[in-house]
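A note on names: the letters A, B, ... follow the listed sequences, proteins ahead of strands, and every chain is numbered from 1.
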There are 2 protein chains.
Amino acid sequence: MKIATFNVNSLRKRVGIVADWLERHRPDVLCLQETKVQDSEFPLLALASCGYEITYRGMKSYNGVAVLSRKKPEAVFHGFDDGGDPDEARLLRVVIGGLPIINTYVPQGYEITSPKYAYKLGWYERLRRYCDKHLSPDAPALWCGDMNVAPRPIDVHSPEKHLKHVCYHEDARKAYEQVLAWGWQDVFIRLYPDRQQYTFWDYRAPSSLEANKGWRIDHILATAPLAERCVRVEVDVEPRRAKDPSDHTFLWAEFSI
Amino acid sequence: MKIATFNVNSLRKRVGIVADWLERHRPDVLCLQETKVQDSEFPLLALASCGYEITYRGMKSYNGVAVLSRKKPEAVFHGFDDGGDPDEARLLRVVIGGLPIINTYVPQGYEITSPKYAYKLGWYERLRRYCDKHLSPDAPALWCGDMNVAPRPIDVHSPEKHLKHVCYHEDARKAYEQVLAWGWQDVFIRLYPDRQQYTFWDYRAPSSLEANKGWRIDHILATAPLAERCVRVEVDVEPRRAKDPSDHTFLWAEFSI
DNA sequence: GCACCACTGG
DNA sequence: CCAGTGGTGC
């Protein structure tokens, strides 16, 4: 079983990249973030020939998540159900062949002094409670997405420069780790604890890609019984080097199921 | 001698189309309108390999004219010199090998009830006086550009529907004809009085090109001694069918000199 | 840097 | 429909 995740940074702009990647890699499931498209504008037609079931929830301008799967999900859940703030099309949970899969686009947070950062930290707390409510750490489950957190120094270039960055600041890493403590294992770290491999390179730093100044902020996590069966995890850098790329690239994991 | 004109509708977006066309057609002179680029942003580098002298005057957002010529102009004049309103980078006169060439992007006029339309009509009056002042109808001279006037019924699809259109309204045609009366001959009409051939197809009408619902509003005119030597005039529709086209296409004329 | 938005212009 | 502008977000 092959699972992939990709922050597409506008699906309408990147539908060709996504279709090409699906053709070549044929994952069972692809989680997309930052589709940036309202449901009424979702490019279903351009993806139709790929042969994937498509589950999506978007809004105008910002955020938006989608799950493309070879099998039709038997259940679909949109957003948090905690009665709190709307989650702005950042969370999608599907169940496919009995396996729950959570796809998240976690708030970036802007600056550590910003209310947006407090919202990010709170979002992780809500997510921890969401896991408590809907999943069991003892049963197979997956959590994929753009977490906007680089969990370790190795996961960001020049970590010492980014101690106050919203994606590396202590509080953000702790908030993220608190969700992991529920029962998630990062399958990349599990298989390759010493490997440095980024998934995101900022458009703004002109040579960020050439100089490999990136961040590992997109992650695939699994509960213990599934994590044990993870046999391979890869970042495919090629789409980041393509014409008109997203600032992120694809991360995928293979499970012996 | 081959002379061409093209409303490029943003030179920065169309620099590839222009360079390709120059390579294939090698005109002696190409007049461009609606370059929509400030002089400081003019894409000189992207055009450098074509081997043309480049004369230009632009502004932010709107208008902008340029002349590309195989020979360096011995004189260059920007705008009207009548002490009136600034001409907004709509008029450029060069002298190349002794031949005066005027390149104009005539105001469109918006609506016939608009002050912009009055400005258009006045612009033609100023242009007539400009010809009086700087040129002789008895000496070779060229006037090329987007005139925003379809002079005859055959020059617009469904003329009866466009009687109040700023590019076909009686007053606009009269204002244009008053400049012609100074001593200009439309070389297209001169050679092919019955040919229907448009140079502009609106982006907004989705099938304007497929249904050939266009306008002939780009023109090449010559004074009598030069017009007599015009041997061929063509509209090249191909660039209008290219990817990311301008809404206009190239018009060119060949003179036996 | 590169998406998005709303707006203006033709 | 497709340019341009300025603004926001990451």
Side-chain angles (χ1 to χ4, degrees), chain A residues 7-15 17 33-38 41 58-64 88-90 105-111 114 116-117 119-120 146-149 165-167 200-210 213-215 217-218 240 242-248, chain B residues 7-15 17 33-38 41 58-64 88-90 105-111 114 116-117 119-120 146-149 165-167 200-210 213-215 217-218 240 242-248:
Chain A
N7 178 317
V8 68
N9 188 16
S10 173
L11 181 55
R12 281 174 295 186
K13 289 266 169 173
R14 238 69 71 188
V15 73
I17 285 176
Q33 305 86 38
E34 284 206 269
T35 55
K36 291 186 177 177
V37 62
Q38 287 170 286
E41 306 277 309
M59 57 186 293
K60 196 184 266 213
S61 284
Y62 307 117
N63 313 328
E88 312 165 294
R90 291 178 179 277
Y105 173 55
V106 178
Q108 193 257 8
Y110 183 47
E111 285 179 356
S114 157
K116 292 182 182 183
Y117 188 59
Y119 182 73
K120 175 182 191 169
D146 177 353
M147 312 307 180
N148 270 314
V149 167
H165 191 289
V166 289
C167 295
F200 162 80
W201 298 262
D202 200 313
Y203 287 131
R204 284 168 286 188
S207 64
S208 69
L209 186 60
E210 293 76 4
K213 293 185 175 176
W215 297 69
I217 56 178
D218 301 277
R240 183 61 180 83
K243 180 158 158 44
D244 298 327
S246 170
D247 43 1
H248 295 247
Chain B
N7 178 318
V8 68
N9 187 15
S10 172
L11 181 56
R12 280 175 295 187
K13 289 269 168 168
R14 235 71 69 188
V15 73
I17 285 176
Q33 305 85 37
E34 283 206 271
T35 55
K36 291 186 178 178
V37 63
Q38 287 170 284
E41 306 277 309
M59 57 185 294
K60 196 183 266 212
S61 286
Y62 307 116
N63 314 328
E88 313 165 294
R90 292 178 179 275
Y105 173 54
V106 178
Q108 194 258 6
Y110 184 46
E111 285 180 357
S114 158
K116 293 181 182 183
Y117 188 58
Y119 182 72
K120 175 182 190 169
D146 177 353
M147 312 308 179
N148 270 314
V149 167
H165 191 290
V166 289
C167 295
F200 162 79
W201 297 262
D202 201 313
Y203 287 130
R204 283 169 284 189
S207 64
S208 69
L209 187 59
E210 295 76 4
K213 292 185 175 176
W215 296 69
I217 56 178
D218 301 277
R240 183 62 180 85
K243 181 158 156 43
D244 298 327
S246 169
D247 42 1
H248 295 245

Checklist outcome for this item: Across all chains, not counting sequence neighbours, the salt bridge (Lys or Arg N to Asp or Glu O under 4.0 Å) partners of A:Arg90 are A:Glu88

Item to check | Minimum heavy-atom distance A:Pro245-A:Ile17, with the two atoms named | outcome: CA-CD1, 4.1 Å

Checklist outcome for this item: Bounded by its outermost nucleotides with an atom under 4.0 Å from a heavy atom of chain A, the footprint on DNA chain D reads D:dG9 to D:dC10

Checklist outcome for this item: Minimal heavy-atom distance between B:His248 and B:Asp146, with the atoms involved, is CE1-OD2, 3.1 Å

Item to check | side chain to side chain contact (heavy atoms under 4.5 Å, CB included) partners of A:Lys116, counting only residues at least two apart | outcome: A:Tyr110, A:Ser114

Next on the checklist: Holding to side-chain hydrogen bond (donor to acceptor under 3.5 Å, both in side chains), I want the full list of residues that pass it with B:Asn148, two or more places apart in sequence or in another chain.
Outcome noted: none

Item to check | Partners passing side-chain hydrogen bond (donor to acceptor under 3.5 Å, both in side chains) against B:Trp201 (at least two apart in sequence or in another chain) | outcome: B:Asn212

Item to check | Donor + acceptor pair across side chains of A:Glu34, A:Asn7 (<3.5 Å) | outcome: yes

Next on the checklist: What does the B/S/- profile of nucleotides 3-10 of chain C look like, 5' to 3', with a 4.0 Å heavy-atom cutoff to protein?
Outcome noted: SSSS--SB

